[in-house]
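Below you'll find the structure, written out as structure tokens, and then a few comments.
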Amino acid sequence: MAAAALCCRGSCRTGWLPTLQIVRHAKSVTRHWKAMHFERQKLMALTEYIAPKPAIPEKCITPHIKAIKEENGYAKLLRRQVVETFRDSKMIAVCQHNFTPSEEMLRMKYRLRKHNIHVKFFPNEIVRPYLSVSKYKNLLPLFVGSNLMLASPEIKVKEMLQILKNVPQINLLGACIDNTILSNQGVVNYSKLPAMEITQGQVVGTLSLMASQMCALLQHSSVHLTALLDQYIKQQSGGAGETDGKAGEGQAELGPAKSSAGP
């Protein structure tokens with residue numbers, strides 16, 4: 001035994017493995033899944049616990065949160081420029097922008113800038129929301145397609161029409177002049193009006209003429225009455241002189257007769 005033990009130790013040291021190994025076998029599985037009986041399934045379905053529904057629906061309790069989409073910084077800047085343009089401009093013209101060569105567009109901008117008229121390009125997605133809640137909402141039908149705006153703090157309609165006449169690619173659709181919305185023909189008619197100084201002089205002359213006519217009408221009755229009284233006084237004074245003259249002549253005729261009868 002000792003020799004076998006020594007031999008076993010020596011062989012184990014050298015890496016020898018026994019040819020026979022004892023393996024413990026597990027118990028085989030004899031239980032498999034089996035479908036539940038049909039009657040038991042019905043019983044389980046009938047006895048299944050159903051939780052009571054709340055008196056208020058859950059969707060009414062929890063508020064519906066909408067995802068707020070932040071506006072782009074460039075869109076905010078354009079919206080602010082639109083507000084400033086409509087606030088600071090007395091003349092805003094809306095034009096249809098067709099394809100125009102860059103050199104011709106720069107020339108038009110330069111000529112308009114001489115008269116303090118600025119060319120503004122704003123997308124319709126920025127302009128239309130502002131117009132829908134402002135007093136300029138009647139301009140909404142003009143902002144369809146590609147548009148540009150001509151804004152000026154002064155009213156210079158004649159100069160604008162004269163410059164646009166040389167640029168056939170830019171068509172005038174309408175304008176808002178001094179808080180008054182005008183069509184294309186209305187802008188042309190507005191340009192034919194005289195200057196403000198001439199109009200003011202005409203208004204002052206008309207008002208002064210009406211005042212003088214009113215004064216003449218108010219004084220007509222008193223002047224006429226005065227003239228009638230003067231005529232009456234003259235007639236009365238003339239009648240008294242005639243009666244005095246007739247009395248003097250009668251006395252002159254009686255005087256000689258008395259003298260001749262006396263002696």
Side-chain angles (χ1 to χ4, degrees), residues 71-210:
E71 192 175 11
N72 190 11
Y74 182 64
K76 291 182 180 179
L77 176 62
L78 291 177
R79 197 179 302 278
R80 193 181 308 118
Q81 290 180 356
V82 168
V83 175
E84 292 176 356
T85 300
F86 278 90
R87 183 187 60 196
D88 301 334
S89 301
K90 291 184 178 180
M91 184 186 72
I92 298 175
V94 183
C95 302
Q96 183 182 4
H97 181 212
N98 299 318
F99 173 74
T100 308
S102 58
E103 296 180 358
E104 191 170 354
M105 179 62 71
L106 289 175
R107 195 179 300 112
M108 184 192 72
K109 288 183 179 179
Y110 176 73
R111 294 178 63 187
L112 290 172
R113 192 66 179 269
K114 285 184 176 180
H115 301 286
N116 199 13
I117 302 174
H118 306 275
V119 181
K120 304 287 185 179
F121 291 93
F122 295 115
N124 296 336
E125 294 80 9
I126 301 297
V127 180
R128 291 182 68 87
Y130 170 75
L131 294 178
S132 60
V133 296
S134 66
K135 61 182 179 180
Y136 307 102
K137 58 184 177 181
N138 291 331
L139 289 173
L140 278 174
L142 303 180
F143 287 90
V144 178
S146 179
N147 297 324
L148 62 86
M149 292 194 305
L150 305 178
S152 175
E154 303 174 1
I155 300 175
K156 295 185 177 181
V157 183
K158 291 183 180 179
E159 294 82 355
M160 180 187 67
L161 292 177
Q162 186 176 1
I163 294 171
L164 291 180
K165 191 181 295 183
N166 299 325
V167 187
Q169 293 86 357
I170 306 298
N171 300 322
L172 180 64
L173 300 178
C176 179
I177 301 174
D178 201 7
N179 295 327
T180 304
I181 297 175
L182 302 174
S183 62
N184 185 6
Q185 188 61 37
V187 176
V188 175
N189 296 335
Y190 187 90
S191 65
K192 296 178 181 178
L193 294 175
M196 183 62 69
E197 293 78 8
I198 299 175
T199 307
Q200 290 176 353
Q202 292 177 355
V203 171
V204 171
T206 304
L207 293 177
S208 61
L209 178 63
M210 293 177 65

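Nothing here was measured: the structure is a model prediction, and the numbers come from that model.
Counting only heavy atoms from C-beta outward, the side chains of Leu150 and Leu172 never approach each other to under 4.5 Å. Using a 4.5 Å heavy-atom threshold, the side chains of Arg111 and Asn166 count as touching. Under the 4.5 Å side-chain criterion, counting only non-hydrogen atoms from C-beta, Arg113 is not in contact with Val119. No side-chain heavy atom of Val167 sits under 4.5 Å from any side-chain heavy atom of Lys165. With contacts defined as side-chain heavy-atom distances shorter than 4.5 Å, the pair Asn184/Leu173 does not qualify. Between Thr85 and Tyr130, the closest side-chain pair of non-hydrogen atoms is not below 4.5 Å. When side chains are defined from C-beta on, Met105 counts as touching Ile170, because their heavy atoms get closer than 4.5 Å. Looking only at side-chain heavy atoms (C-beta outward), Pro153 and Asp88 stay at 4.5 Å or farther from each other.
No more than 12 heavy atoms of other residues, nucleotides or ligands shown are found within 6.0 angstrom of OH on Tyr110. At most 12 non-hydrogen atoms from other residues, nucleotides or ligands lie less than 6.0 angstrom from CD of Gln162.
Between Met91 and Ile177, the shortest heavy-atom contact is CG-CG1, 4.0 Å. The nearest pair of heavy atoms linking Pro194 to Thr199 is CG-OG1, 3.6 Å. Across all non-hydrogen atoms, the minimal contact from Pro129 to Ile126 is CD-O, 3.6 Å. Minimum interatomic distance between Gln81 and Phe122 (heavy atoms only, all atoms of both residues): OE1-CE2, 3.6 Å. Residues Ser152 and His115 come closest through the heavy atom pair OG-O, 4.4 Å. Scanning both residues, Ile92 and Met149, for their nearest heavy atoms gives CG2-SD, 4.0 Å.
The distance from the CZ atom of Arg128 to the CG atom of Leu142 is 10.0 Å, given to the nearest 0.5 Å. To the nearest 0.5 angstrom, Leu112 atom CG is 11.0 Å from Lys156 atom NZ. Put simply, OG on Ser146 and CG on Asn124 are 8.0 Å apart, with the number rounded to the nearest 0.5 Å. Going from atom CD of Gln96 over to atom CD of Gln169 covers 11.5 Å, rounded to the nearest 0.5 Å. The distance from the CG atom of Leu131 to the CZ atom of Phe143 is 5.5 Å, given to the nearest 0.5 Å. Taking CD1 of Ile155 as the reference point, atom OG of Ser191 lies at 12.5 Å (rounded to 0.5 Å).
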query = Between Cys176 and Tyr136, does a side-chain contact (heavy atoms from CB on, under 4.5 Å) hold up when you go through it step by step?
reply = CA-CA 8 Å; Cys176 179; Tyr136 307 102; 3.5 Å; yes
Trace of the side-chain contact (heavy atoms from CB on, under 4.5 Å) decision for Glu104 with Arg107 = CA-CA 5 Å; Glu104 191 170 354; Arg107 195 179 300 112; 4.1 Å; yes
task = Under the side-chain contact (heavy atoms from CB on, under 4.5 Å) rule, what do His118 and Asn116 come out as? Steps first, then yes or no, please.
result = CA-CA 6 Å; His118 306 275; Asn116 199 13; 3.1 Å; yes
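Between the side chain of Asn147 and the main chain of Val94, no donor-acceptor pair closer than 3.5 Å is present.
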